[in-house]
Amino acid sequence: MVEASSDTAPAPSQSRSLLKRLAGPSSTKAGLTNDQSDINRIIAEASKGSKYYENEKKKDKELTERIKRLLQTQNAATKEADLVQVESTVSHLLIELESLRDTSQIIVHIDADAFFANCELLYNPDLKGKPFGVGKGVLTTASYEARKFGVRSGMAAFIAKKLCPELILLSIHPQRYSDMSKKVMAILARYDPDMLVASCDEAYLNITEYCERHNMTAEECVSEMRRIVQEETKLTVSAGIAPNRMLSKICSDKNKPNGQFHLPFNSQAIKDFMVDLPVRKVPGIGRVLERMLESIGVTTCGDIFTHRVSIALLDKEFGLRFMLQTYLGIASNVVRPHSREERKSIGAERTFHPLADKDKILQKLEEVAEELENDMTETGWAGRTVTLKYKLDDYQVFTRAKSFERWITNKTGKELLLPELPLKIRLIGLRVTKLKDLKLSTDSGIKRYFSGPTEQTSPRKKRKISSENHQDVDYNWEDCILLDGDEEDCETLEDELLSLTKLASPRASAALEGAVPPHECKPVSAKAAGKKRSIESQISCPLCGEELNTNDNQKVNAHIDFCLSREAIQEAEGQSPDAKAKSKSQANAWSWFLDPKTKPRSKGK
DNA sequence: GCGGATCAC
DNA sequence: TATGGTGATCCGC
């Protein structure tokens, strides 16, 4: 079972994953034409021997060992478990999930093409057609010409130079990107005022209403949107049109740059689309999960079905529900702006030349603390827990946290750091969690003494920070930029007072609970509140077509079990084992999940 | 509640 | 020449 996939000659099984790891997390992204293994080799060559390299090597080894344990767990579980039972459970889950599929909403993911790079192009038209990167020590983005050489965002500049000696390096101009981002977003908002701004260059829109009102198809609408963005900003964006956020995001990558992709809105087309999709393309599946899945034979989303029993046995590691949803192409279709109260933490961190001197380290700590404190007062947050983060000379990262009784707006974290010294440190960060929103209780005048949590009706000067936008990417200055100068009545609050004002904002728990991917976690699809469509309370049995009342789970389960066993018997009677691992070979009761011909016609309306 | 990890951008 | 910063979530303890 543990095949040590050593392909060619001089590659110790370890270094293949290490080479890939060194290539960085975005190595599966767009625009790689050169031979990736060549590029990876150059990258590894340039990194060799550095502390960074050694740390990556160590992490790669740890992951390899983790996978070894994973496979042992799998073996043990396979021996002990009732596999028929497990498969049946999975089957029920698949049916349940399928019944939740909602294709009534048109979700669009808009993604600006090489955003920072194209912004720079507006200021330096001469760069057109040339390979260039944006960023100093580490690149935030690369032009498409540079990407041809294997240059990518997140790559160290000196590595990028090795790959592409002609590479032009530009410094970052946060203000430019912020301005352009606002322009683009303002245009997009015409199509969905409730859009979700995911980052400075990405947004999700629900254009269902807009299309209806203007009697347009989704593709017409998105074409127009993209055309207008280009006309008004000279920037190109790519788009994905699909029934939920995950799919739309994957689709926006399909015809990038300056293109769009529309996924048909029917369950079979969606599943066809997913079958060959590499799991790594799925938001939430990163490098680690990719490798763990690979170790059990899963590289495409279709493989999830093939290996569903293994995944079920390793539910804790993989998140069965999330995996099955991924396989089915089911995810949240809820699009709404980020609200201020959703914020969970605020922090600051800084990398510097490694320091061993205690006073110098404490100096850095002070600087970070001051930065954070300014940010917190400007944006109106206090919190109860402070977490110190530090990275050693050798790239090992540690965190130390402490909670307080009172709300705090400034802490140096000195008491957390001192016991750790002496150390050689290259990064220090502070983060505050258990937040309290001061803007809910710091309204001017005596109001704050008497009122409980007040409405957000402060008549005073409104800050710029549109609730959605504290999620900047790639660069961290945006908060400050978006908030430029106004500082009145931001006096520091007395701890005593703060400790009295109890946080009372009711946390509206979101509609539906959903699948739990190992790391990212979002609510699953909801039949978008207030947006058309009804919820069907009936589903029909996918196997025999009989109408089932979903309110009576017991009966549904019993019925499906019955159908499953019946089909299993039929299968057993006329079966030719021809396991190809792909679609057709799944000649069992579940073939209808993959095979168009046996597709059930479930779902009325 | 704390610390380590993973992930996205 | 020597590999970023912000924020979120989950797991194990």
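Model, not experiment: these values are computed from the prediction.
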key: Electrostatic pair E120(A):R176(A) at N-O distance under 4.0 angstrom   = yes
What is the distance, to the nearest angstrom, from the [atom1] atom on [X] to the [atom2] atom on [N]?
X       : N       : atom1 : atom2 : value
N374(A) : dT6(C)  : CG    : P     : 13 Å
R280(A) : dT6(B)  : CZ    : P     : 13 Å
D201(A) : dA8(B)  : CG    : P     : 15 Å
E420(A) : dG3(B)  : CD    : P     : 9 Å
D315(A) : dC11(C) : CG    : C1'   : 13 Å
L139(A) : dG4(C)  : CG    : P     : 12 Å
K344(A) : dA8(B)  : NZ    : P     : 19 Å
D111(A) : dC9(B)  : CG    : P     : 8 Å

Is the distance from OP1 or OP2 of [N] to the nearest side-chain N or O of [X] less than 4.0 Å?
X       : N      : result
R400(A) : dG4(B) : yes
S50(A)  : dA2(C) : no
T351(A) : dG5(C) : yes
K391(A) : dG4(B) : no
R431(A) : dG7(C) : yes
R343(A) : dA8(C) : no
Y53(A)  : dT3(C) : no
S403(A) : dC2(B) : yes
K434(A) : dG1(B) : yes

The residue, A348(A) or H353(A), whose nearest nucleotide of DNA chain C is more 5′ is H353(A)
* Asked: Cationic tip of K162(A) within the cone over F158(A)'s six-membered ring, i.e. under 6.0 Å and within 45° of the normal?
  -> no
Side chain to side chain donor-acceptor pair (under 3.5 Å) filter on T236(A), not counting sequence neighbours, yields D113(A)
Provide the distance between the two P atoms, one in dT3(C) and one in dA8(B), to the nearest whole Å.
24 Å
Selection from [options] that lies nearest to any side-chain heavy atom of [X]:
X       : options                 : answer
R66(A)  : dA5(B), dA2(C), dT9(C)  : dA5(B)
K316(A) : dC2(B), dG12(C), dT6(C) : dG12(C)
S345(A) : dG7(C), dA8(B), dT3(C)  : dG7(C)
A401(A) : dG3(B), dG7(C), dA8(B)  : dG3(B)

Name the nucleic acid region contacted by [X], choosing base, sugar-phosphate or nothing; use a 4.0 angstrom heavy-atom cut-off, strictly under.
X       : answer
G137(A) : nothing
K136(A) : nothing
I285(A) : sugar-phosphate
T387(A) : nothing

* Indicate the ring-plane relationship of Y395(A) and Y52(A), choosing parallel, tilted or perpendicular according to the 30° and 60° boundaries. => perpendicular
Verify the neighbour count for atom NZ of K161(A): are there more than 12 heavy atoms of other residues, nucleotides or ligands below 6.0 Å? yes
Sorted by position of nearest nucleotide on DNA chain B, 5' first, the leading residue of H109(A) and L63(A) is L63(A)
Applying salt bridge (charged side-chain N to carboxylate O under 4.0 Å, His left out) to R291(A) and not counting sequence neighbours gives D60(A)
